[in-house]
Amino acid sequence: MRRRDNDQETTGERAATWLPWLTGVLTDKGYDLSSSRSGGRSQLSQDTGISAGIISRLLAGEPVSYETLLALSRGTGIPLAELLIRTEKAAERDFSLSGPESGQIAVSSGKRLTPEEVAEAAGVPEEDRPWFATMVRRMRRGGTGDGSSSTGGAAAEG
């Protein structure tokens, strides 16, 4: 994989393409980035080990290093390949293809999949899809479900 260190590629006009995507993903992951006093930036800094100053630069669309993107990926679970491609530090062709040959499904539309679409794509049996969708929605809200605790979960049936 070729690494692009020319930071000019992630500034100006180009930042407009990846910055809204990144802030949307981070917001979906629970980081409140609505203002500098909302706590989301501090939490992001704590979760990733990236300094507050670099977090501010990143969220302003300024160039950041590969190492910063790596730390962001590790701390948030955002795939590194996606970060590198979106910030144009790498091209899609630098990574192996997803699809039938890898057993993975690629979503390039930027549209967020519904829990039902995820269940279908993952091969969840038809009769289990409503349960699956309910659990995904609860997890997105941060809930643990009925009767379970934060330390143990629900008891096994049977």
| Do V136 and V118 touch side chain to side chain, with heavy atoms closer than 4.5 Å? | no

| request: Would you indicate whether the side-chain heavy atoms of Y66 and T87 approach each other to under 4.5 Å? | output: no

| field | Between NZ on residue K29 and CG on residue L44, distance to nearest 0.5 Å | value | 11.0 Å

| request: Let me see the working for D47 and Y31 under side chain to side chain contact (heavy atoms under 4.5 Å, CB included), right down to the final yes or no. | output: CA-CA 10 Å; D47 291 351; Y31 297 100; 2.6 Å; yes

| field | For R74, side chain to side chain donor-acceptor pair (under 3.5 Å) partners two or more places apart | value | none

| message | To the nearest 0.5 Å, what is the distance between CD on E67 and CD1 on I54? | response | 10.0 Å

| query | Measuring from L70:CG to L80:CG, what's the distance to the nearest 0.5 Å? | reply | 5.5 Å

| field | Side chain to side chain, L22 and I78, heavy atoms closer than 4.5 Å | value | yes

| Residues R137, E116: salt bridge by 4.0 Å N-O rule | yes

| field | Steps toward side chain to side chain donor-acceptor pair (under 3.5 Å) verdict (S42, S45) | value | CA-CA 5 Å; S42 296; S45 177; over 6 Å; no

| task | Check R129 against A119 and note the closest heavy-atom contact, atom names and distance. | result | CG-CB, 3.9 Å

| task | With rounding to the nearest 0.5 Å, note down the distance linking CZ in R37 to CG in D32. | result | 14.0 Å

| Does any non-hydrogen side-chain atom of L84 lie less than 4.5 Å from one of D94? | no

| Do S56 and E62 come close enough that some side-chain heavy atom pair is under 4.5 Å? | no

| request: Determine the minimum heavy-atom distance between L58 and W18, stating which atoms define it. | output: O-CH2, 3.7 Å

| query | From T134 OG1 over to M139 CE, what is the distance, rounded to the nearest 0.5 angstrom? | reply | 12.5 Å

| Does the side chain of V64 come within less than 4.5 Å of L72's, by heavy atoms? | no

| said: So which atom in P79 and which in S73 form the shortest heavy-atom distance, rounded to 0.1 Å? | reply: C-OG, 3.8 Å

| query | Are L26 and T76 close enough that some pair of their side-chain heavy atoms sits under 4.5 Å apart? | reply | yes

| field | E82 vs W21, side chain to side chain contact (heavy atoms under 4.5 Å, CB included): CA-CA, chis, key distance, verdict | value | CA-CA 11 Å; E82 181 100 18; W21 168 81; 3.3 Å; yes

| request: Tell me, please, which residues at least two apart from E127 pass side chain to side chain donor-acceptor pair (under 3.5 Å). | output: none

| note | CD (Q43) and OG1 (T48) are apart, to the nearest 0.5 Å, by 9.5 Å

| Check: L83 and K89 side chains under 4.5 Å, non-hydrogen atoms | no

